[in-house]
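FYI, the numbering just counts along the sequence from 1.
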Amino acid sequence: MIQSVAGLLEFSDDGPVTKKVTETDRAIWTLVCLRPGQAMPPFTHRRREAFVYCLQGEVRVTPGEGPAELAAGDLAFYDGSKEAGPSNPGTADAALLVNLVRKKGD
């Protein structure tokens with residue numbers, strides 16, 4: 001199955017827009033769209049590992065180990081059991097694709 005993520009991009013002045021792209025037994029893919037200055041509150045995903053791919057713009061992800069600054073094309077990884085929250089510190093719309101994968105043994 002092929003899914004166009006670009007066709008799912010949606011931005012709102014009312015706050016971040018999140019959309020579940022797909023889900024399997026082991027993984028969840030979610031699209032997050034942020035206007036400049038928007039942020040999501042920190043959250044955790046127990047028993048998951050998170051892979052965050054920046055599709056466009058600039059994104060700051062603040063996991064427990066410290067902030068990661070991502071630009072389009074960058075990929076970050078962190079332990080989902082640690083608090084993290086994405087924000088858009090830039091001046092243009094930003095979008096990221098988050099893949100939450102069940103940890104080995106869970």
- Task: Under the side-chain contact (heavy atoms from CB on, under 4.5 Å) rule, collect the residues that match up with T91, sequence neighbours excluded.
- Result: none
- Note on the structure: By side-chain contact (heavy atoms from CB on, under 4.5 Å), C33 pairs with (sequence neighbours left out) L9, F11, V17, L31, A95
- Message: Could you work out, with side-chain hydrogen bond (donor to acceptor under 3.5 Å, both in side chains) as the rule, every residue matching S81, not counting sequence neighbours?
- Response: D79
Minimum heavy-atom separation for [X] and [Y], please, with both atom names.
| X | Y | answer |
| --- | --- | --- |
| S87 | A39 | CB-CB, 3.5 Å |
| P86 | F43 | CD-CE2, 3.8 Å |
| L100 | A50 | CD2-CB, 3.7 Å |

- Query: Counting N and O atoms only, with roles assigned by atom type, does the side chain of S12 sit under 3.5 Å from a partner on the main chain of D14, one being a donor and the other an acceptor?
  - Reply: yes
- Message: Go through it in stages, so that I can follow the logic: the residues are R48 and K103, the test is side chain to side chain contact (heavy atoms under 4.5 Å, CB included), and I'd like the CA-CA distance, side-chain angles, deciding distance and then a yes or no.
- Response: CA-CA 5 Å; R48 300 264 182 188; K103 290 181 180 179; 5.6 Å; no
- Query: Is the closest side-chain heavy-atom distance between H45 and I28 below 4.5 Å?
  - Reply: no
- Query: Which value, rounded to the nearest 0.5 Å, describes the distance between T62 atom OG1 and E83 atom CD?
  - Reply: 10.5 Å
- Message: Before you tell me yes or no, could you show the steps for N99 and Y53 under side chain to side chain contact (heavy atoms under 4.5 Å, CB included), namely the whole-Å CA-CA distance, both residues' side-chain angles and the distance that decides it to 0.1 Å?
- Response: CA-CA 8 Å; N99 181 10; Y53 181 73; over 6 Å; no
- Start with the C-alpha distance between L70 and L96, add both sets of side-chain angles, then the distance that settles side chain to side chain contact (heavy atoms under 4.5 Å, CB included), and finish with yes or no. CA-CA 9 Å; L70 305 175; L96 54 107; over 6 Å; no
- salt bridge (charged side-chain N to carboxylate O under 4.0 Å, His left out): which pairs involve residues 52-61, sequence neighbours left out? R60-E69
- Message: Listing request: all salt bridge (charged side-chain N to carboxylate O under 4.0 Å, His left out) pairs with a residue in residues 88-97, at least two apart in sequence or in separate chains.
- Response: R35-D93
